[in-house]
Amino acid sequence: MEQLLQQIEQYRQEIAAIVPNGADSLEAYRIRFLGTKGIVKNLFTEMKNVPGDKKREFGQILNEFKQLAESTYENWKNRLDVGVAGQVKSIDLSLPGDALPLGTHHPITLVRDRIVHIFGRLGFSVAEGPEIEDDWHNFTALNLPENHPARDMQDTFYIHQNPDWLLRTHTSSVQARAMERQKPPIRIICPGRVYRNETISARAHCFFHQTEGLYVDENVSFADLKQTLYFFVQELFGKDVRIRFRPSYFPFTEPSAEMDINCRICGGSGCAVCKHTGWVEILGSGMVHPKMLENFGIDSNKYTGFAFGMGIERICQLQYRVNDLRLYSQNDVRFLKQFTGAV
Ligand code: 2U9
């Protein structure tokens, strides 16, 4: 019994020191300790030589030893990642890696980039500004003084900490900052996110995206406005696109006009998108109000300008037939992966 206990202690030390360097040496360990003619089996056969009053104690020691031998084997097996066939599944660094699925551009990004690209070819450069604006740049400077009825047209998110701060309701504030900063000629395109306090539904959202544009120089006319916007829609929708202008009102422009294109969905025969008129509104525009030029110290006798604004989601709807505004911000990959194509 004494001899057996000494022997077990030696085996314990051997097990503690064991470091198999691969599937073969781990298998050798298994055969030596846990095989059918292995050490554990042999020790159990020694039970018959142990005196009756010691059998219980020895049995316990043997069981603990067996568990140690088994758990050491399992631990090493896991560490070496040995497969069922007993082979180490070592990493082959020469194998090609798993290809990560490629993301796609968001449809709003695609359409925004297309718009920017088209106006870029006409010499417009991109201008950006803060999404948290002050009252002056978002409203007052744009011919929307306090109590102006046009302010009611937009439900505004105000910032609690300062009643003068708000989330911009249009990107017109970017044009305002440009006029403040630079002298004519000014030829900018201003894409960006804007916020309005709307209940979210398929047709309305509390944020959306706009692209506005501004061109101020000497001798800028309504004819320039018309031809620029006609070129734009031809580039975006194809040369066969037809346009029409309708008189409108914007506080920043006078005269103002909305531009329609012939419905791309039904080709003019009438559908839900064009409300069976054959025409869909695509943007608003007008000649910059002289008062606004003066607001920014630009001589309205010398300079004139035109401006326009459009909703990117609206154009997306026409290009991709997206019928629910909420899809743009839900980040559902089944929706997002449908949009491909170069700018
Ligand atoms: C300055 C001077 C002129 C910006 C303009 C529009 C017409 C317009 C809306 C259409 C639908 C945007 O997405 S929408 O809500 N905008 O129709 N915006 S002219 O005119 C400016 C702005 C700033 C300094």
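Because only heavy atoms are used, hydrogens play no part in the values below, and waters and symmetry mates are left out as well, while side chains stay in. Indexing begins at 1, ligand by ligand and atom by atom, following the structure's order. Keep in mind it's a predicted model, so treat the numbers as computed, not measured.
A continuous path of Ile, Leu, Val, Met, Phe, Trp and Tyr side chains, each step under 4.5 Å between heavy atoms, connects M179 with L144, placing both in one hydrophobic cluster. W279 and V273 fall into different hydrophobic clusters, where Ile, Leu, Val, Met, Phe, Trp and Tyr are joined by side-chain heavy atoms under 4.5 Å apart, directly or via other members.
Regarding atom 16 (N) of ligand 1, its nearest protein heavy-atom neighbour is G309 CA, 3.7 Å. Nearest protein heavy-atom neighbour of atom 22 (C) of ligand 1: Q175 NE2, 3.3 Å. What sits closest to atom 2 (C) of ligand 1 on the protein, heavy atoms only, is M292 CE, 3.8 Å. For atom 4 (C) of ligand 1, the closest heavy atom belonging to the protein is E212 OE1, 3.2 Å. Taking atom 3 (C) of ligand 1 as the reference point, the nearest protein heavy-atom neighbour is A307 CB, 3.3 Å. Taking atom 12 (C) of ligand 1 as the reference point, the nearest protein heavy-atom neighbour is Q210 NE2, 3.0 Å.
D240 has a carboxylate O that lies under 4.0 Å from a charged side-chain N of R264, or vice versa, which qualifies the two as a salt bridge. Electrostatic pairing of E27 and R30 counts as a salt bridge here, judged by a charged N lying under 4.0 Å from a carboxylate O. A salt bridge does not link E281 to K275: none of the charged side-chain nitrogens sits closer than 4.0 Å to a carboxylate oxygen. No salt bridge links R187 with D217; every basic N to acidic carboxylate O contact stays at or beyond 4.0 Å.
Residue G311 has at least one N or O atom closer than 3.5 Å to an N or O atom of ligand 1.
Under a 3.5 Å cut-off, the side chain of N75 and the backbone N or O of N78 do not form any donor-acceptor pair.
Contact between G286 and ligand 1 is absent, with no heavy atom of the residue lying under 4.0 Å from the ligand. At least one heavy atom of M310 sits less than 4.0 Å from an atom of ligand 1. A heavy-atom separation below 4.0 Å is found between L142 and ligand 1.
Atoms of ligand 1 lying under 4.0 Å from any heavy atom of M179, numbered from 1 in the order shown and given with element: 24 (C). Ligand-side atoms of ligand 1 in range of S285: 7 (C), range being under 4.0 angstrom from any heavy atom. Listed by number with element, the atoms of ligand 1 under 4.0 Å from a non-hydrogen atom of F250 are 7 (C), 8 (C), 17 (O).
Residues passing the salt bridge (Lys or Arg N to Asp or Glu O under 4.0 Å) test with E198, sequence neighbours excluded: none.
Here I132 sits in one hydrophobic cluster together with F157, I159, W165, L167, Y195, F207; the rule is ILVMFWY side chains under 4.5 Å apart, joined directly or through other members.
Residue contacts with ligand 1 for S256 are absent, since no atom lies close enough (heavy atoms, distance under 4.0 Å).
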